[in-house]
Amino acid sequence: MRIAFLNPQGNFDPEDRYWTEHPDFGGQLVYVKEVAQAMARQGIKVDIFTRRIVDPDWPGFESHIDYYPGVENLRIIRISFGGEKFLRKEDLWPHIDEYVNGICKYYQEKNCKPDFITTHYGDGGLAGALLKEKLGVPFTFTAHSLGAQKLDKLGATPENIRELNDIYHFTNRIPAERICMSNSAVNIVSTRMERFKQYSHHVYRGAIDVEDDKRFAVIPPGVNTKIFYPDCAGKCEQNIEKKIKTSFHRDLNPERLDFPCIIASSRLDPKKNHIGLVRAYAGNQKLLEKANLCIIVRGMENPWQEYTRLEGVEGQVLAQIIRTIEKKGIRGNVCFINLESQKELAECYRYFAKKGGIFALTALYEPFGLAPLEAAACGLPVVVTRNGGPSESFSDGKQEFAVLINPESEKEIAEGLLRLIDNHKEWQKIRQAGLERIKNRYTWDKTASGYLEVIERLLENGEHVERKITGWEISLKRLSELYFGEGKINDSDEV
Ligand SMILES: O=c1ccn([C@@H]2O[C@H](COP(=O)(O)OP(=O)(O)O[C@H]3O[C@H](CO)[C@@H](O)[C@H](O)[C@H]3O)[C@@H](O)[C@H]2O)c(=O)[nH]1
Ligand SMILES: O=P(O)(O)OC[C@H]1O[C@](O)(CO)[C@@H](O)[C@@H]1O
């Protein structure tokens with residue numbers, strides 16, 4: 001069987017360049033790479049279709065075809081579209097047609113086509129719907145993150161929606177997502193909550209019926225336990241120790257060098273709410289006395305000096321973090337560490353676990369959240385947002401496997417952190433609970449098998465989805481009606 005993965009944003013390569021260094025390079029890449037590799041290991045022929053980028057600022061994506069070393073059955077196929085330079089994912093919408101034509105041309109030249117297609121994010125899903133028209137091949141849609149919740153969490157109002165739209169292009173993303181979910185054979189979600197809460201947002205009304213079991217499959221992502229595992233004291237760990245200590249000596253007050261650390265490692269995206277964590281920490285005297293705050297960054301030797309040069313949203317988030325730290329006068333309590341890979345990240349988690357540290361993710365909304373699972377797999381107890389996936393991955397309704405907090409309450413964040421920093425028994429309990437939760441439940445092989453079960457069922461029974469492709473550009477007025485006019489949209493309304 002041959003399965004195509006559509007991810008037009010680009011950036012798959014044997015060296016995993018820029019993972020999370022840029023706001024667009026994140027969990028979706030990890031997810032697609034891991035599922036694709038797990039499928040290939042199970043004997044499926046896999047084609048990842050992504051974007052060819054020829055840009056001196058982002059080298060490494062120039063060749064048309066690439067492979068992961070040691071992984072048979074898997075090709076990375078880079079399609080040229082939208083010019084050669086790197087484009088933010090928000091700027092790809094006008095070029096999706098060109099991407100789809102490039103994929104068709106590729107298969108025509110090879111005189112074959114895939115048996116099934118999996119698509120990722122709204123741009124990949126839109127491409128899947130367009131490709132289905134041309135090749136007649138059905139597809140699944142995995143959203144990773146939906147625009148509706150982004151609008152919610154950015155606090156969209158009639159006054160600021162134009163400004164938000166200028167940056168994020170919701171006038172493309174929302175109609176495209178409606179096309180994805182209504183044309184896909186099955187929508188793959190990471191949690192039940194994603195299906196019932198995220199997909200039932202009123203902007204998707206009429207595009208999908210969340211009660212229809214045939215249209216959804218819940219398949220949780222995994223953790224790569226060859227990278228993220230607990231308790232190691234090997235040679236490689238000495239390298240990370242050296243790196244961490246250099247940052248400590250640069251940033252921390254000397255008397256604080258042995259304090260446990262609270263670690264934040266997300267992309268610098270406003271919705272990850274680093275600022276909520278910094279404020280909660282800065283506002284709690286006991287926390288300030290007992291722990292340091294450690295923020296992982298990528299591609300920056302010294303953020304204290306480099307932040308003014310950083311462009312875009314990432315630069316704004318970092319500037320806000322640094323200004324808050326300086327205003328609160330807590331500079332000697334906060335450390336930045338520059339990491340280059342998942343391997344280093346895992347080593348860093350293990351190092352901090354040994355020193356009594358904790359992992360914190362206070363995102364305003366987290367669709368699923370790989371990072372807290374990976375930290376828990378390394379033996380770091382986790383304090384995590386209860387908004388979104390973590391409340392399902394870290395709770396089974398009876399027991400909690402992390403400290404779940406309301407990210408909009410600085411008091412609750414601080415109390416959650418203190419619960420572990422201040423009490424070693426509790427620290428041990430949550431660490432152990434997290435480790436056990438991850439061990440058997442979250443593996444990428446299980447995720448790949450989940451996809452294959454869905455795909456085999458669909459290929460056997462056929463899919464029965466009516467074609468519903470409209471345009472994927474609406475006016476700002478129509479977006480506002482959809483978003484603010486809750487209850488005014490009928491199921492039959494065309495968007
Ligand atoms: O220095 C670092 C820091 C992080 N990572 C990796 O980046 C990924 C981050 O993923 P995640 O925590 O899931 O966040 P996002 O990047 O925001 O990913 C999106 O896509 C994921 C997959 O669907 C979902 O879990 C998220 O909720 C969704 O926001 C993780 O695998 C990390 O190991 C690195 O490789 N290097
Ligand atoms: O903030 P947004 O646009 O909802 O995007 C989140 C998505 O962006 C990425 O970080 C990069 O494309 C993905 O990993 C994730 O699916």
Side-chain angles (χ1 to χ4, degrees), residues 7-12 15-35 50-51 87-90 92 120-125 142-154 164 167-170 172-174 176-177 188-191 193-194 198 219-224 227-228 263-273 295-300 313-314 337-349 359 361 363-378 382 384-385 387-390 392-393 442 444 447:
N7 183 306
Q9 291 172 26
N11 325 317
F12 292 88
E15 288 175 39
D16 298 334
R17 285 165 221 254
Y18 319 118
W19 275 17
T20 79
E21 197 174 306
H22 181 283
D24 280 1
F25 304 165
Q28 190 190 156
L29 282 182
V30 178
Y31 182 112
V32 171
K33 175 189 159 181
E34 295 282 1
V35 177
T50 188
R51 179 156 181 258
L87 289 179
R88 297 156 67 231
K89 62 178 184 275
E90 287 80 7
L92 292 177
H120 299 271
Y121 198 78
D123 44 20
T142 310
H144 297 280
S145 175
L146 286 169
Q149 279 75 35
K150 184 141 181 161
L151 273 162
D152 290 349
K153 289 304 165 191
L154 289 172
L164 289 178
I167 306 171
Y168 296 109
H169 299 181
F170 292 109
N172 291 125
R173 183 171 178 182
I174 300 294
E177 288 174 337
I188 305 232
V189 289
S190 296
T191 57
M193 184 184 303
E194 186 180 349
Q198 299 178 30
I219 305 178
V223 170
N224 185 335
I227 301 175
F228 297 99
I263 299 114
S265 73
S266 305
R267 292 180 289 118
L268 293 169
D269 182 313
K271 72 180 187 179
K272 299 290 184 181
N273 193 29
I295 301 175
I296 309 292
V297 291
R298 282 141 297 252
M300 268 177 281
V313 180
E314 207 186 3
I337 301 180
N338 181 28
L339 297 182
E340 276 155 29
S341 64
Q342 273 195 321
K343 193 167 148 279
E344 280 198 358
L345 183 67
E347 287 175 9
C348 180
Y349 287 160
F359 173 88
L361 171 71
L364 297 172
Y365 193 88
E366 189 60 47
F368 180 73
L370 297 174
L373 256 62
E374 294 165 349
C378 292
V382 165
V384 68
T385 179
N387 291 350
E392 218 166 294
S393 48
Y442 293 104
W444 288 111
T447 313

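For ligands, and for the atoms within them, numbers begin at 1 and follow the listed sequence.
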Taking all atoms of both residues into account, what is the closest heavy-atom pair of G10 and T50, and its distance?
-> CA-OG1, 2.7 Å

Option whose closest heavy atom lies nearest to atom 9 (C) of ligand 2, chosen from H144, K153, K89 | K89

For atom 10 (O) of ligand 1, what is the nearest protein heavy atom, given as residue, atom name and distance?
-> G27 CA, 3.2 Å

Numbering as shown, the atoms of ligand 1 that approach S265 to under 4.0 Å (heavy-atom distance) = 3 (C)

the protein heavy atom lying closest to atom 11 (P) of ligand 1 turns out to be L370 N, 3.6 Å

Give the residue, atom name and distance (to 0.1 Å) of the protein heavy atom nearest atom 14 (O) of ligand 1.
-> K272 NZ, 3.3 Å

Out of curiosity, Y365 OH to L146 CG, how far, rounded to the nearest 0.5 Å?
-> 9.0 Å

re atom 3 (O) of ligand 2, the protein heavy-atom contact at minimum distance is Y121 OH, 2.6 Å

Element-labelled atoms of ligand 1 that are located less than 4.0 Å from some non-hydrogen atom of P367 = 27 (O), 29 (O)

Around atom 22 (C) of ligand 1, find the nearest protein heavy atom and jot down its residue, atom name and distance.
-> H144 ND1, 3.5 Å

Specify the protein heavy atom at minimum distance from atom 11 (C) of ligand 2: its residue, its atom name, and the distance to 0.1 Å.
-> D24 O, 2.8 Å

For V30, atoms of ligand 1 separated by under 4.0 Å from a heavy atom | 8 (C), 31 (O)

Please indicate whether any nitrogen or oxygen in A371 is less than 3.5 Å from any nitrogen or oxygen in ligand 1.
-> yes

In ligand 1, the atoms that come under 4.0 Å of a heavy atom of E374 are 30 (C), 31 (O), 32 (C), 33 (O)

Taken to the nearest 0.5 Å, the spacing of L364 CG from Q149 CD works out to 12.5 Å

Judged by atom type as modelled, is there a donor-acceptor pair below 3.5 Å linking the side chain of T447 to the main-chain atoms of V35?
-> no

Do any N or O atoms from the side chain of E392 and from the backbone of M193 form a donor-acceptor pair under 3.5 angstrom?
-> yes

Side chains of F359 and P372: closer than 4.5 Å at any heavy-atom pair?
-> yes

Residue and atom name of the nearest protein heavy atom (relative to atom 12 (O) of ligand 2), distance in Å to one decimal | Q9 OE1, 2.4 Å

With Y121, the side chain to side chain donor-acceptor pair (under 3.5 Å) member among R173, E177, Q9 = R173

Would you say K271 has any N or O atom under 3.5 Å from an N or O of ligand 1, going by distance alone?
-> no

For atom 4 (O) of ligand 2, the closest protein heavy atom turns out to be S145 OG, 2.5 Å

For ligand 2, is there an N or O atom under 3.5 Å from any N or O atom of G27?
-> yes

For R173, counting its heavy atoms only, list the atoms of ligand 2 lying under 4.0 Å from any of them.
-> 2 (P), 3 (O), 4 (O)

Between K272 and E366, is there a side-chain N and carboxylate O pair less than 4.0 Å apart?
-> yes

Find all atoms of ligand 1 within a distance of less than 4.0 Å from any non-hydrogen atom belonging to L345, and give their numbers and elements.
-> 2 (C), 3 (C), 4 (C), 5 (N), 33 (O)

Side-chain heavy atoms of I167 within contact of R88, under 4.5 Å = yes

Which of the ligand 2 atoms, numbered from 1, are nearer than 4.0 Å to a heavy atom of K150 = 1 (O), 2 (P), 3 (O), 4 (O)

Quick check: does E90 get an N/O under 3.5 Å from an N/O on ligand 2?
-> no

Identity and distance of the protein heavy atom lying nearest atom 15 (C) of ligand 2 = Q28 NE2, 3.9 Å

Do you know which two heavy atoms are closest between I174 and A148, and how far apart they sit?
-> CD1-N, 3.8 Å

Under a 4.0 Å heavy-atom limit, does F228 contact ligand 1 with its side chain, its backbone, both, or neither?
-> side chain

Between atom CD1 of I188 and atom OH of Y31, what is the distance when rounded to the nearest 0.5 Å?
-> 6.5 Å

Is there a side-chain contact between L268 and M300, using heavy atoms and a 4.5 Å cut-off?
-> yes

Of all the atoms in ligand 1, which lie at a distance below 4.0 Å from a heavy atom belonging to R267?
-> 15 (P), 16 (O), 17 (O)

For the residue pair V313 and Y168, establish whether any side-chain heavy-atom pair is separated by less than 4.5 Å.
-> yes

Let me see the working for D16 and Q342 under side-chain hydrogen bond (donor to acceptor under 3.5 Å, both in side chains), right down to the final yes or no.
-> CA-CA 9 Å; D16 298 334; Q342 273 195 321; over 6 Å; no

Say whether R298, considering both its backbone and side-chain N or O atoms, lies within less than 3.5 Å of an N or O atom on ligand 1.
-> yes

In the protein, what heavy atom is nearest to atom 29 (O) of ligand 1, and what distance, to one decimal place, separates them?
-> E366 OE2, 3.3 Å

For the atom pair CG (L361) and CG (L373), what is the distance rounded to the nearest 0.5 Å?
-> 11.0 Å

Before signing off on this row, confirm whether F368 and ligand 1 have an N or O atom pair separated by under 3.5 Å.
-> yes

Could a heavy atom of K271 be found less than 4.0 Å from some atom of ligand 2?
-> yes

Which pair of non-hydrogen atoms, one from L29 and one from F12, has the smallest distance, and what is that distance?
-> CD2-CZ, 3.5 Å

Less than 3.5 Å between some nitrogen or oxygen of G369 and one of ligand 1, yes or no?
-> yes

Identify the protein heavy atom lying closest to atom 20 (O) of ligand 1, giving its residue, its atom name and the separation to 0.1 Å.
-> Q28 N, 3.6 Å

Counting from 1, what ligand 1 atoms have a heavy atom of W19 closer than 4.0 Å?
-> 35 (O)

Considering heavy atoms of the protein only, find what lies nearest to atom 10 (O) of ligand 2 and give residue, atom and distance to 0.1 Å.
-> R267 CZ, 3.1 Å

In the protein, what heavy atom is nearest to atom 6 (C) of ligand 1, and what distance, to one decimal place, separates them?
-> T20 CG2, 3.7 Å

Please say whether G26 places an N or O atom under 3.5 Å from an N or O atom belonging to ligand 1.
-> no

Give yes if a backbone or side-chain nitrogen or oxygen of Q342 is under 3.5 Å from a nitrogen or oxygen of ligand 1, and no if not.
-> yes

Between the CG atom in L339 and the CG atom in L345, the distance rounded to the nearest 0.5 Å is 6.0 Å

Of all heavy-atom pairs between T385 and A363, which one has the smallest distance, and what is that distance?
-> OG1-O, 2.8 Å

S145-ligand 1 polar pair, N/O distance under 3.5 Å = no

How many angstroms lie between CZ in F368 and OH in Y442, if you round to the nearest 0.5 Å?
-> 5.0 Å

